[in-house]
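A quick write-up on the structure given underneath.
Since the model is a prediction, treat every value here as computed from it, not as a measurement. One is the number of the first residue; the rest follow in order along the sequence.
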Amino acid sequence: VDDAAMARPLVGLISRLTDQKGFDIIAAASPELMALEATWVMLGSGERRYEEAWRALDASLPDRVSTTIGFDERLAHHIEAGADMFLMPSRFEPCGLNQMYCLRYGTVPIVRAVGGLVDTVRPYNPKNGQGTGFLFSDYEPGVMLQTLEAALTAFRNKKVWTLADRHLGEVAAHRHPFLITGCRRHARQDPDAAFEGSAPRRDGALHLRPSARLPDLRGEWRLRVAGY
């Protein structure tokens, strides 16, 4: 894998593959999304047309897309913690948990401003650096694409992105303390995930400190996408 591939931001998706979760507008914008300077990791299952579409992307763009059809809780948390950003363009979303897990891990959510998503993600303001993610209102492929492009622009400014990471993690820890309990419960079930505690683990396992990124895990995913 060359340096350019390793430098691309990693976009995660974990979802039921249905219209309600926004996969119709993802499909409509698929050529433009895949042309972005990003790498994609998708875990989920649902309507056959969307499963086949993501399998096809995996097959045609092996250095850009990793698709896993099905669900694996441990893998889901690895993606949420290892991605640079996480896409949730739901048509409607009464609550939503993935965006809150991402906030706790310090992964930037890109969500539609609806339901529980708009309740838990504050829009990033480039003027003052405040906010915890990127939001869009209109349920349109082009609007979602523009929001992703804005996130990618912010990602390329490492000073801005590092500060945003730290800020969103601190805000999430304050606003969603119940997630710590849930993560610790999961840690007891799966010690390898190493969710318990706020200090980083020296063995490279996952941890909860939002300001400490996970380059080893992101590198692992980029290698996996490239077929290594």
Side-chain angles (χ1 to χ4, degrees), residues 1-71 75-76 79-80 82-93 96 98-99 102 107-114 117 121 123-124 126 133-157 161 218-219 221-228:
V1 181
D2 60 23
D3 291 342
M6 293 296 286
R8 287 197 296 263
L10 194 61
V11 182
L13 298 95
I14 303 167
S15 181
R16 288 184 292 109
L17 310 187
T18 65
D19 289 352
Q20 184 245 315
K21 296 296 186 179
F23 277 79
D24 52 344
I25 61 173
I26 290 175
S30 182
E32 293 82 3
L33 292 175
M34 295 303 117
L36 295 174
E37 192 60 25
T39 301
W40 300 80
V41 178
M42 197 288 295
L43 168 66
S45 62
E47 295 183 30
R48 179 174 296 181
R49 56 179 172 154
Y50 296 136
E51 291 184 357
E52 292 176 350
W54 277 92
R55 284 193 179 104
L57 290 172
D58 188 306
S60 62
L61 299 167
D63 62 333
R64 292 270 184 165
V65 180
S66 174
T67 296
T68 301
I69 300 300
F71 183 74
L75 178 58
I79 293 172
E80 288 158 345
D84 294 295
M85 50 194 78
F86 191 91
L87 178 61
M88 288 185 71
S90 302
R91 184 184 293 268
F92 60 92
E93 193 67 65
N98 288 330
Q99 84 281 7
C102 288
T107 297
V108 176
I110 303 168
V111 304
R112 183 159 177 257
V114 63
L117 302 180
V121 180
Y124 171 68
F134 293 80
L135 293 86
F136 63 98
S137 296
D138 294 341
Y139 193 73
E140 298 288 343
V143 178
M144 177 187 65
L145 182 65
Q146 290 172 3
T147 307
L148 267 164
E149 289 173 335
L152 293 173
T153 297
F155 178 85
R156 287 190 285 270
N157 186 330
W161 195 258
R218 294 198 170 93
W221 271 110
R222 291 185 178 94
L223 289 169
R224 175 172 173 169
V225 169
Y228 285 79

Any side-chain to backbone donor/acceptor pair from N98 onto S15? Under 3.5 Å, distance only. no
Side chains of E51 and E47 in contact at under 4.5 Å (non-hydrogen atoms): no
We want to know whether S90 and R112 form a side-chain donor-acceptor pair, criterion being a heavy-atom distance below 3.5 angstrom. no
Find the distance between CD1 (I26) and CG (L13) and round it off to the nearest 0.5 Å. 5.0 Å
Do E80 and T107 have side chains that approach each other closer than 4.5 Å (heavy atoms only, starting at C-beta)? no
Hey, are the side chains of V111 and E93 touching, using non-hydrogen atoms and a 4.5 Å cut-off? no
Please check: side-chain N/O of Q99 versus main-chain N/O of V121, any donor-acceptor pairing under 3.5 Å? no
Does T67 reach the main-chain N or O of W54 with its side chain, forming a donor-acceptor pair under 3.5 Å? yes
Within-4.5 Å side-chain heavy-atom neighbours: M88 and I110: no
Contacts of S45 meeting side chain to side chain donor-acceptor pair (under 3.5 Å) (sequence neighbours excluded), chain-then-number -> none
Looking only at heavy atoms, the pair that brings A154 and F134 closest together is CB-CZ, 3.9 Å
For P9 and L152, the nearest pair of non-hydrogen atoms, with its separation, is CG-CD2, 3.4 Å
Here the pair of heavy atoms bringing F71 nearest to A76 is CE1-CB, 3.9 Å
If the condition is salt bridge (Lys or Arg N to Asp or Glu O under 4.0 Å), which residues does E37 pass it with, not counting sequence neighbours? R64
Min side-chain heavy-atom separation V65-M42 under 4.5 Å: no
Determine whether F155 and V108 make a side-chain contact, defined as any pair of heavy atoms from C-beta on separated by less than 4.5 Å. no
Would you compute the distance between atom SG of C102 and atom CG of L87 and round it to the nearest 0.5 angstrom? 10.5 Å
Side chains of residues 138-148: which donor-acceptor partners sit under 3.5 Å, not counting sequence neighbours?
residue : atom : partner : partner atom : Å
Y139    : OH   : D19     : O            : 3.1
Y139    : OH   : D24     : OD1          : 2.5
T147    : OG1  : V143    : O            : 2.9

Mind listing the closest non-hydrogen atom pair of P31 and A28 along with its distance? CD-O, 4.2 Å
Just wondering, do E52 and Y50 contact through their side chains at under 4.5 Å, heavy atoms? no
Are any non-hydrogen side-chain atoms of V41 and V11 less than 4.5 angstrom apart? no
Going through the distances and angles, do L10 and W40 end up as a side chain to side chain contact (heavy atoms under 4.5 Å, CB included)? CA-CA 6 Å; L10 194 61; W40 300 80; over 6 Å; no
Looking only at heavy atoms, the pair that brings L43 and G70 closest together is CD1-O, 3.4 Å
For F92, does the CZ atom have more than 12 heavy-atom neighbours from other residues, nucleotides or ligands under 6.0 Å away? no
